[in-house]
A.B. asks: 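Below you will find the structure I want to go over with you.
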Amino acid sequence: MSRTPLRLRVEPITCHAHGICRELLPELIRLDEWGYPVLDDHPVPAALLAPARVAVRSCPSLALRLDRMA
Amino acid sequence: MGQSLWFASRGTGLVTALLLTATTVLGAIHAGRVTSARWPRFTLHAVHRNLSLLTLVFLAVHVASAIIDPYAGIAWLDVVVPFVSTYHPFWLGMGAVAFDLILAVVVTSLLRRRIGLWWWRAVHLSAYALWPVAMLHGVGIGGADTRLGWVLALYLACAAAVLVAVVRRLLVRDPDRDARRRAWTS
Ligand code: HEM
Ligand code: HEM
């Protein structure tokens, strides 16, 4: 597998503010006052890739993605 | 082997009904956004998913033992095609409908990322039909068993649990739902 840096993105329309991603990945995800995730643009550190994938898989509305950085 | 297969089928039928109830309740609670420090949402999600898989395991034993037992003469086809069996065609047919629905719900869930959210949700909501159909099958086909006090108590407890969970799910409010409602009406 190539080592392209990955970053978390959220699809604002499909996100329903369940907040599960925050429970699973508090290191990278914080919630705004309405419960929607706020992400930064940094690549996901290698040590957090596994929990990041779990968070992506667990999103009830499939709004969270891990994207290759351009 | 005598009657042991028949008893196995009845026992696993009741366990399947119990597990299906628990899965449905947890699904509704999940969608109704209950949270607490001891039950974070992701645990709820994982337990919901794993319980549904456990339900399938017991369902498989329930179905297999009912068929392998020669007494009622149930065919493999009766498991998936409703209302064609010679034995209690209507009540067994309800079981077959429940079987088809549960397979659809679980398979679409496991392929959720592949098929997209809209289709997954459309199929997943049929869980609210699946549950009563499965319970009716059990109540109707159970015959004398259904009139046993503890079996009746079990069904009533299941019905109460699902009712409470569904009512809660319909009444609950959360910031996202409020925001969407405002966007719709303005
Ligand atoms: C026996 C099988 C299953 C039954 C009967 C069942 C039932 C339900 C029910 C009744 C709901 C509430 C839906 C709503 O009111 O919006 C729900 C939600 C949900 N189920 Fe299942 N489910 C089953 C299997 C699965 C599996 C295998 C998964 C695996 C990923 C899954 C994932 C979910 C998710 C993520 C939600 C929450 C949706 C939300 O919060 O918006 N379910 N389920
Ligand atoms: C989700 C699906 C299902 C659930 C929850 C379920 C549950 C039950 C329950 C609770 C009973 C009554 C046990 C008793 O009171 O002694 C029962 C009986 C039975 N079920 Fe199912 N069942 C399901 C699917 C099926 C399917 C697909 C078949 C097809 C072969 C089937 C065949 C039977 C038979 C033959 C009996 C026993 C009838 C008798 O003793 O007279 N079930 N089931």
Side-chain angles (χ1 to χ4, degrees), chain A, chain B residues 23-53 105-106 108-125 127 165 168-170 172-184 186:
Chain A
M1 238 180 79
S2 68
R3 288 267 147 207
T4 343
L6 298 170
R7 121 183 107 183
L8 284 168
R9 306 306 296 259
V10 65
E11 190 63 57
I13 311 233
T14 38
C15 175
H16 281 249
H18 282 88
I20 291 185
C21 52
R22 153 68 191 243
E23 289 179 354
L24 290 167
L25 198 61
E27 298 89 341
L28 297 183
I29 295 175
R30 123 187 125 64
L31 301 183
D32 69 15
E33 58 183 300
W34 301 280
Y36 296 96
V38 181
L39 308 172
D40 62 30
D41 257 347
H42 303 310
V44 176
L48 290 176
L49 271 177
R53 292 216 163 84
V54 174
V56 166
R57 243 187 305 152
S58 304
C59 173
S61 49
L62 300 179
L64 192 67
R65 296 199 317 260
L66 257 181
D67 280 356
R68 213 160 276 170
M69 291 182 83
Chain B
T23 305
T24 308
V25 166
L26 286 181
I29 287 180
H30 185 294
R33 306 189 174 210
V34 177
T35 21
S36 79
R38 257 191 299 156
W39 273 90
R41 297 279 315 279
F42 69 87
T43 352
L44 206 60
H45 177 81
V47 175
H48 172 67
R49 187 193 54 216
N50 292 344
L51 267 187
S52 79
L53 300 179
V105 166
V106 171
T108 50
S109 292
L110 299 180
L111 300 175
R112 212 154 66 96
R113 309 217 132 249
R114 211 71 61 72
I115 63 175
L117 198 65
W118 195 91
W119 280 108
W120 171 75
R121 257 196 89 67
V123 176
H124 218 78
L125 286 178
R168 230 202 126 273
R169 187 236 181 289
L170 291 174
V172 78
R173 307 176 65 98
D174 62 71
D176 178 65
R177 201 175 294 183
D178 290 345
R180 274 164 211 272
R181 205 161 283 158
R182 271 198 304 280
W184 262 93
S186 62

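Naming: A, B, ... by sequence-line order, numbering from 1 per chain. No hydrogens, no waters, no symmetry mates; every other heavy atom, side chains included, goes into these values.
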A.B. asks: Sequence neighbours excluded, which residues qualify as salt bridge (charged side-chain N to carboxylate O under 4.0 Å, His left out) partners of A:Arg65?
C.D. replies: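 Partners of A:Arg65 under the salt bridge (charged side-chain N to carboxylate O under 4.0 Å, His left out) test: A:Glu11, A:Asp67.
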
A.B. asks: Show your reasoning for whether side-chain contact (heavy atoms from CB on, under 4.5 Å) applies to A:Leu6 and A:Arg53.
C.D. replies: CA-CA 11 Å; A:Leu6 298 170; A:Arg53 292 216 163 84; 3.6 Å; yes

A.B. asks: Where does A:Val54 contact chain B at under 4.5 Å (heavy atoms): side chain, backbone, both or neither?
C.D. replies: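 Nothing of A:Val54, per the 4.5 Å heavy-atom cut-off to chain B.
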
A.B. asks: Side chain, backbone, both or neither: which part of B:Arg112 has a non-hydrogen atom closer than 4.5 Å to chain A?
C.D. replies: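 Both backbone and side chain of B:Arg112 come within 4.5 Å of chain A.
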
A.B. asks: Under a 4.5 Å cutoff for heavy-atom pairs, which residue among A:Ser61, A:Ala63, A:Cys15 has the most contacts with chain B?
C.D. replies: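 The answer is A:Ser61.
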
A.B. asks: Side-chain contact, heavy-atom cut-off 4.5 Å: A:Leu39 with A:Leu28?
C.D. replies: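 No, side chains not in contact.
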
A.B. asks: Counting heavy-atom pairs closer than 4.5 Å to chain A, which one of B:His45, B:Arg49, B:Arg113 comes out on top?
C.D. replies: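 Ranked by heavy-atom pairs under 4.5 Å with chain A, first place is B:Arg113.
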
A.B. asks: Only counting residues at least two apart or in another chain, list the ones meeting salt bridge (charged side-chain N to carboxylate O under 4.0 Å, His left out) with A:Asp32.
C.D. replies: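 By the salt bridge (charged side-chain N to carboxylate O under 4.0 Å, His left out) rule, A:Asp32 matches no residue at all.
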
